[in-house]
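Inspection log for the structure reproduced underneath, given as structure tokens.
Keep in mind the model is a prediction, meaning the values are calculated, not measured. Naming: A, B, ... by sequence-line order, numbering from 1 per chain.
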Amino acid sequence: MGDILAFAEQRSGQLRGTAREAVGTAARIAAKLGGNAHALMIGAPGISGSAGSLGAVGAETVRVAEHDGLGEYIPEAYAEVVAELVRSGSYEAVVFSATAQGKDLAPRVAALLDVPLASDVTALEAVDGAIRITRPVYAGKAFATVSIAASPVVVSIRPNVFIAEDRAAAGAVEAFTPTLGEGAIQTRVIEFRAAAGGSIDVAEASVVVSGGRGLKDPENWGLLEDLRDALGTEAALGASRAVVDAGWRSHGEQVGQTGKTVAPKLYFAVGISGAIQHLAGMRTSGTIVAINKDPDAPIFGVADYGIVGDALEVLPRLAEEIRTLKAGA
Amino acid sequence: MNIAVCIKRVPDTETRIRLAEGATAIDPDGVKYVVSPYDEIAVEAALRIRDAAGEGEVTVITFGDAKSQETLRSALAMGADRAVLLTGEATMDGLATAKTLAAALQDIDAGLILFGAKAADGDQQQVGPMVATILQRPCATNVGNFSLKGDSVECHREVEGGTEVVELPLPAVISITKGEFEPRYASLKGIMAAKRKPLEEVEATPQDIRLNVEQLALPPERTAGRIVGEGVDAVPELVRILREEAGVL
Ligand SMILES: Cc1cc2nc3c(=O)[nH]c(=O)nc-3n(C[C@H](O)[C@H](O)[C@H](O)COP(=O)(O)OP(=O)(O)OC[C@H]3O[C@@H](n4cnc5c(N)ncnc54)[C@H](O)[C@@H]3O)c2cc1C
Ligand SMILES: Nc1ncnc2c1ncn2[C@@H]1O[C@H](COP(=O)(O)O)[C@@H](O)[C@H]1O
């Protein structure tokens with residue numbers, strides 16, 4: 001009893017950073033409940049290479065389901081595999097990361113197990129043997145404490161919020177051979193079209209540089225990209241809805257109530273007024289910096305630090321100063 | 001081909017959230033309710049598919065209280081053909097919601113069932129794929145664009161770092177995000193016509209609600225910080241602060 005399973009997402013055999021967050025969270029809760037954390041990886045034959053590394057964040061065992069048909073993410077088949085492993089154990093909880101894959105997979109697993117799901121959780125605690133869940137609602141305009149009266153408790157956790165602690169555990173790698181019946185695979189993956197620009201998603205980045213209509217022209221995005229590059233590989237671009245609607249940027253970058261909710265440690269809002277729907281998506285960021293030429297822009301009401309000025313002038317200097325600083329550090 | 005679209009009544013995204021007494025729900029006083037934004041996009045997608053095919057019906061379905069009639073009428077005004085109201089109290093337990101919807105959807109002959117990627121209240125992003133799992137139909141989530149290809153549907157899923165193109169056999173379930181289907185405004189004619197379109201009401205009580213909201217809280221207020229300065233000259237000081245005081249560089 002008290003064991004917790006974490007789904008460890010991989011891409012092309014590489015564990016994603018969020019996998020460590022999921023396993024670390026499972027280990028932290030399992031320790032409180034007197035059980036162990038297990039991890040599950042699913043993919044094509046050959047993915048087990050990185051599995052053992054999950055021991056460092058607390059995985060007692062890492063089950064690896066390798067299968068020729070599972071090299072790509074086939075949702076209905078992945079869900080069957082997870083559900084089969086969960087049924088074979090006695091798990092108190094199952095933890096997914098609320099990434100694109102986790103958000104797709106977790107509801108299917110929950111439905112197969114006939115238990116509810118709490119999505120995009122921002123706090124997870126074991127209190128007196130029960131699991132207490134906190135999750136944002138109304139795009140972060142409020143937080144709900146929810147309880148789940150079913151077993152196992154299934155959650156997906158928001159990327160970037162849970163830090164995996166060092167917690168040495170065995171990390172024993174064991175094969176898991178799923179049954180996968182006839183007709184288990186219905187989805188056919190045709191192709192992946194990479195978006196231009198950085199590969200790190202705005203919802204997972206630890207630094208976000210967002211631009212709005214104040215940048216005047218899509219041509220000026222080069223300035224934001226330059227700042228992003230200066231900030232390092234953990235930085236991603238974001239956008240206000242105004243510039244997405246104008247077709248300057250893709251919806252994948254939109255931050256806010258009808259875009260992504262982000263909580264990076266550092267958020268730059270450049271030429272963004274700070275409409276309520278935008279604030280909903282970024283107000284829980286660690287440090288917020290606003291650059292806006294209007295001193296009365298509402299964004300300054302939530303920003304920790306601001307510069308009043310023309311973004312087109314401020315951006316190049318900011319990128320330069322940050323580069324100098326990082327070069328010296 | 002018939003299409004069913006599940007839509008939900010939610011507070012307008014402009015709403016400033018205040019908590020009701022007891023802090024387990026929001027204070028509905030003065031809140032304007034709308035069709036959840038992504039659901040509106042799903043309705044638009046359904047209408048375009050129907051109109052391109054020149055046949056088939058679009059049915060909109062919601063599970064909610066009597067006020068959700070308005071939500072359904074909005075979708076009928078956009079052009080949906082008929083509506084079903086499963087009358088009951090909406091819950092954050094997505095599985096209970098999914099079971100309620102799935103039971104009703106079973107009786108509707110639909111080649112496609114569309115959902116919003118997320119409802120703009122609970123943001124759970126789960127009801128669509130749960131219904132698909134219950135009905136044992138293939139499903140693609142977070143789809144910005146899709147097109148019919150004979151007896152299958154090609155979906156463009158928005159995922160980290162790009163777009164994943166997948167193909168599903170029909171009948172299928174799709175959850176829709178913003179992309180190709182910018183929703184239309186209802187015309188006056190559409191609004192008038194909506195009043196005469198069929199809206200069926202069925203009593204629905206979810207079987208077991210096992211996910212409960214114990215408490216709602218507002219996020220800690222963020223107080224305005226400080227303006228470091230004006231223009232380019234303020235940049236060095238900002239960078240110094242971010243490194244030395246905030247420790248984020
Ligand atoms: C249903 C619904 C959902 C929505 N969802 C979202 C959402 O998810 N995300 C979102 O962002 N919005 C959303 N919105 C839109 C939101 O209400 C605002 O319209 C939008 O956020 C404004 O974008 P903006 O700040 O880029 O543009 P504006 O409001 O036009 O602001 C531009 C800012 O740039 C400043 N500026 C101008 N020139 C310069 C310069 N040279 N240098 C520096 N600053 C300059 C201006 O002072 C101004 O503050 C939603 C709206 C609705 C109705
Ligand atoms: N009570 C409901 N009635 C009808 N459809 C719903 C209901 N709740 C959720 N949905 C549908 O499921 C989608 C995802 O909702 P959620 O999982 O709650 O974020 C919504 O965009 C709707 O399409």
### Query
Which bit of Glu313(A) is near chain B, if near means a heavy-atom gap under 4.5 Å: side chain, backbone, both or neither?
both
### Arg132(A), part contacting chain B, at a heavy-atom distance under 4.5 Å
neither
### Toward chain B, the part of Ala303(A) with a non-hydrogen atom under 4.5 Å
backbone
### Query
When heavy-atom pairs shorter than 4.5 Å are enumerated against chain A, which of Ile241(B), Leu216(B), Leu211(B) gives the highest number?
Leu211(B)
## Note on the structure
chain B shares the most heavy-atom pairs under 4.5 Å, among Gln101(A), Lys260(A), Glu76(A), Arg283(A), with Arg283(A)
### Message
Regarding Gln257(A) and Arg241(A), do their side chains bring together a donor and an acceptor under 3.5 Å, going by distance alone?
### Response
no
### Atom group of Ile209(B) that falls short of 4.5 Å from chain A, counting heavy atoms
neither
### Task
Under 4.5 Å, counting heavy-atom pairs only, tell me which of Glu72(A), Gln254(A), Lys293(A), His251(A) racks up the most with chain B.
His251(A)
### Residue part contacting chain B, namely of Val289(A), when any heavy atom lies under 4.5 Å
side chain
### Query
Do side-chain atoms of Asn160(A) reach the backbone of Ala205(A) as a donor and acceptor pair under 3.5 angstrom?
yes
### Message
Could you check whether Arg48(B) pairs with Glu180(B) (Lys NZ or Arg NE/NH1/NH2 to Asp/Glu carboxylate O, under 4.0 Å)?
### Response
no
### Query
When you check the side-chain N and O atoms of Thr99(A) and Glu9(A), is any donor under 3.5 Å from an acceptor?
yes
#### Entry: Full working for side-chain contact (heavy atoms from CB on, under 4.5 Å) between Glu44(B) and Glu182(B)
CA-CA 7 Å; Glu44(B) 176 67 32; Glu182(B) 192 55 37; over 6 Å; no
### Message
So for Pro136(A), is it side chain, backbone, both, or neither that comes closer than 4.5 Å to the heavy atoms of chain B?
### Response
backbone
### Message
Report which part of Cys155(B) has an atom under 4.5 Å of a heavy atom belonging to chain A: side chain, backbone, both, or neither.
### Response
neither
### Task
Measure Thr223(B) against the heavy atoms of chain A and call it side chain, backbone, both or neither at under 4.5 Å.
backbone
### Query
Between Glu237(B) and chain A, which part of the residue has a heavy atom less than 4.5 Å away: side chain, backbone, both or neither?
neither
### Task
Any ring-ring contact (aromatic ring centres under 6.0 Å, His included) involving residues 277-325 of chain A? Give me the pairs, sequence neighbours left out, ordered by first then second residue.
none
### Query
chain B heavy atoms under 4.5 Å from Ile288(A): which part of the residue, side chain, backbone, both or neither?
both
### Task
Decide, yes or no, whether a salt bridge links Asp245(A) with Lys178(B) under the criterion of side-chain N to carboxylate O below 4.0 Å.
yes
### Message
Can you tell me which portion of Val207(A) sits under 4.5 Å from chain B's heavy atoms? Options are side chain, backbone, both or neither.
### Response
neither
### Query
Side chain, backbone, both or neither: which part of Asp93(B) has a heavy atom under 4.5 Å from chain A?
side chain
### Message
Given heavy-atom pairs under 4.5 angstrom as the criterion, report whether the side chain, backbone, both or neither of Ala311(A) touches chain B.
### Response
neither
### Message
Taking Arg240(B) first and then Glu245(B), would you say they form a salt bridge - that is, a charged N and a carboxylate O separated by under 4.0 Å?
### Response
yes
### Message
Quick test of your reading of the model: are Glu234(A) and Lys265(A) salt-bridged, counting only N-O distances below 4.0 Å?
### Response
no
### Task
Give, as side chain, backbone, both or neither, the part of Ile307(A) having an atom under 4.5 angstrom from any heavy atom of chain B.
both
### Query
Can any side-chain N or O of Arg135(A) pair as donor or acceptor with the backbone N or O of Gly122(B) at less than 3.5 Å?
yes
### Query
With a 4.0 Å cut-off, would you call Asp123(B) and Lys141(A) a salt bridge?
no
### Query
Looking at Ala111(A), Gly309(A), Ala149(A), Pro116(A), which has the largest count of heavy-atom pairs under 4.5 Å with chain B?
Pro116(A)
### Selection from Pro75(A), Ala79(A), Ala142(A) maximising heavy-atom pairs under 4.5 Å formed with chain B
Ala142(A)
#### Entry: Side chain proximity check, Pro169(B) to Pro138(B), heavy atoms < 4.5 angstrom
yes
### Task
Look at Thr261(A), Leu231(A), Val137(A) and state which one has the largest set of heavy-atom pairs under 4.5 Å with chain B.
Val137(A)
### Task
Verify the distance criterion only: is there a donor paired with an acceptor across the side chains of Asp104(A) and Thr141(B) at less than 3.5 Å?
yes
### Query
Which one of Val153(A), Ile291(A), Leu117(A), Ile148(A) has the most heavy-atom pairs closer than 4.5 Å to chain B?
Leu117(A)
